[in-house]
Asker: 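Below you'll find the structure I mean.
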Amino acid sequence: MNYYELLKYLDLEEPSDFIYFEAMADLAESDDPIDQEAVAALFAGADTDTMADLFSDYFEDILDGLPEDSGEIYSLLHQIRLCLMGLARNAEDESDIRRLADEFCRFRQWYTEESDVELIPADEELPLHQCLRDAITTARMEKLGGFAYRYDFDYALDYALDGYTMSFAELAATEEEEENEGRIVFDPGTRDDYALDDEEDDDWIH
């Protein structure tokens with residue numbers, strides 16, 4: 001899906017219309033392949049503060065969809081949420097926008113394809129395996145009276161957060177419940193495999 005196909009898919013006239021929860025959900029959950037450059041171009045034309053709010057609302061929604069006692073996967077998704085919100089709120093130039101697009105596309109690929117959740121039926125029949133997106137959908141259906149499973153998220157935890165540091169003052173605008181002082185660091189030991197070099201910057205889509 002290229003840039004123009006992406007706008008049509010999200011029912012947007014232009015990137016500045018990227019202001020609705022439904023558009024963020026469609027972008028994150030689509031089964032269709034989406035060019036990373038198309039995502040970067042969309043983010044470049046959207047309002048960064050609005051994007052940060054959309055990330056916040058979308059991740060709150062998927063966190064609410066997790067089954068009880070989700071443990072580490074809840075914590076991981078919450079950290080990814082903060083990372084994407086921070087990257088959006090602090091995006092000041094093309095390089096920042098591309099880093100945000102890279103991190104989002106990496107999340108999307110993991111969320112809809114690479115993550116593996118084991119669902120063990122209550123009757124102890126053979127387990128099912130679903131990506132995290134689909135497992136959360138199954139958990140939502142279970143809460144509405146659907147078939148009961150035990151969820152094993154251990155194999156879905158293989159996601160290395162991009163090394164990103166944001167001061168608490170910057171974070172406080174979006175995380176009012178936090179009361180600690182200091183700096184919050186997202187996996188500072190992680191190698192940043194997604195940094196762009198100068199040649200890649202020359203190919204930027206305006």
Side-chain angles (χ1 to χ4, degrees), residues 1-63 76-115 132-133 159-167 170-175 184 186-187 190-206:
M1 196 182 301
N2 63 31
Y3 170 67
Y4 298 104
E5 292 169 335
L6 179 60
L7 289 182
K8 183 177 180 180
Y9 173 73
L10 297 177
D11 197 23
L12 305 177
E13 293 292 332
E14 54 188 23
S16 60
D17 296 328
F18 187 59
I19 59 176
Y20 299 109
F21 174 91
E22 292 77 10
M24 175 62 78
D26 287 344
L27 179 63
E29 298 175 6
S30 172
D31 282 319
D32 297 328
I34 302 174
D35 292 343
Q36 191 162 307
E37 293 293 341
V39 175
L42 172 67
F43 286 176
D47 179 76
T48 53
D49 285 339
T50 299
M51 281 198 298
D53 291 339
L54 289 175
F55 285 132
S56 177
D57 292 344
Y58 178 69
F59 275 85
E60 281 296 319
D61 184 68
I62 62 176
L63 288 170
L76 176 59
L77 285 167
H78 182 63
Q79 290 181 60
I80 296 171
R81 168 180 175 259
L82 295 184
C83 183
L84 289 171
M85 290 170 62
L87 288 170
R89 287 209 183 279
N90 292 279
E92 298 179 350
D93 54 30
E94 294 176 359
S95 178
D96 292 338
I97 289 293
R98 293 201 58 157
R99 187 176 183 183
L100 170 62
D102 290 350
E103 191 64 28
F104 175 79
C105 288
R106 190 162 70 93
F107 160 74
R108 200 180 89 84
Q109 183 173 357
W110 168 77
Y111 185 56
T112 63
E113 297 180 28
E114 296 176 352
S115 53
L132 183 54
R133 176 200 61 188
Y159 186 96
L161 282 164
D162 182 22
Y164 178 71
T165 304
M166 182 169 56
S167 70
E170 293 168 295
L171 182 60
T174 55
E175 289 294 293
I184 294 177
F186 297 99
D187 200 9
T190 301
R191 183 176 68 254
D192 186 0
D193 293 328
Y194 298 86
L196 297 169
D197 59 31
D198 292 337
E199 290 182 4
E200 289 175 318
D201 284 341
D202 293 337
D203 295 329
W204 169 251
I205 293 179
H206 294 282

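Numbering starts at 1 and runs along the sequence shown.
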Asker: Can you give me the closest heavy-atom contact between P15 and L42, atom names plus distance?
Answerer: CB-O, 3.5 Å

Asker: When rounded to the nearest 0.5 angstrom, what distance separates NZ in K8 from CG in L10?
Answerer: 12.5 Å

Asker: Under 4.0 Å between a Lys/Arg side-chain N and an Asp/Glu carboxylate O for R89 and D53?
Answerer: yes

Asker: Between atom OG of S115 and atom CD of Q109, what is the distance when rounded to the nearest 0.5 Å?
Answerer: 10.5 Å

Asker: Does the side-chain contact (heavy atoms from CB on, under 4.5 Å) test come out yes or no for T48 and I97, once each step is laid out?
Answerer: CA-CA 9 Å; T48 53; I97 289 293; 4.2 Å; yes

Asker: Has the side chain of N2 got a donor or acceptor atom that lies under 3.5 Å from a matching backbone atom of Y4?
Answerer: yes

Asker: For the residue pair I34 and R108, establish whether any side-chain heavy-atom pair is separated by less than 4.5 Å.
Answerer: yes

Asker: Between CD1 of I62 and CD1 of I80, what distance do you get to the nearest 0.5 Å?
Answerer: 8.0 Å

Asker: Rounded to the nearest 0.5 Å, what's the gap from CG on L100 to CZ on F43? Could you check?
Answerer: 5.0 Å

Asker: Would E29 and Y111 count as a side-chain contact (heavy atoms from CB on, under 4.5 Å) if you check the C-alpha gap in whole Å, the side-chain angles of each, and the deciding distance to 0.1 Å?
Answerer: CA-CA 8 Å; E29 298 175 6; Y111 185 56; 4.2 Å; yes

Asker: Go through it in stages, so that I can follow the logic: the residues are L27 and F104, the test is side-chain contact (heavy atoms from CB on, under 4.5 Å), and I'd like the CA-CA distance, side-chain angles, deciding distance and then a yes or no.
Answerer: CA-CA 10 Å; L27 179 63; F104 175 79; 3.6 Å; yes

Asker: Quick one, R81 with E60, criterion side-chain contact (heavy atoms from CB on, under 4.5 Å). Give me CA distance, side-chain angles, the key distance, then yes/no.
Answerer: CA-CA 8 Å; R81 168 180 175 259; E60 281 296 319; 3.4 Å; yes

Asker: Does F59 have its ring centroid less than 6.0 Å away from the ring centroid of F107?
Answerer: yes

Asker: Side chains of Q79 and Y159 only: does a donor on one sit below 3.5 Å from an acceptor on the other?
Answerer: no

Asker: Is the shortest side-chain heavy-atom distance between F55 and M24 below 4.5 Å?
Answerer: yes

Asker: Taking all atoms of both residues into account, what is the closest heavy-atom pair of L77 and L63, and its distance?
Answerer: CB-CD2, 3.7 Å

Asker: Where is the tightest heavy-atom contact between F18 and T50, given as atom of each residue plus distance?
Answerer: O-CG2, 4.0 Å

Asker: Before accepting this row, confirm whether a basic side-chain N of the pair R106/E103 lies closer than 4.0 Å to the acidic partner's carboxylate O.
Answerer: yes

Asker: Report the distance from atom OG of S56 to atom CG of D61, rounding to the nearest 0.5 Å.
Answerer: 11.0 Å

Asker: List the residues meeting salt bridge (charged side-chain N to carboxylate O under 4.0 Å, His left out) with R133, not counting sequence neighbours, and say none if there are none.
Answerer: D31

Asker: So does Y20 have more than 12 non-hydrogen atoms from other groups sitting under 6.0 Å from OH?
Answerer: no

Asker: Are more than 12 heavy atoms from other residues, nucleotides or ligands located less than 6.0 Å from atom CG of D17?
Answerer: yes

Asker: Taking atom CE of M85 and atom CG of D57, what is their separation to the nearest 0.5 Å?
Answerer: 8.5 Å

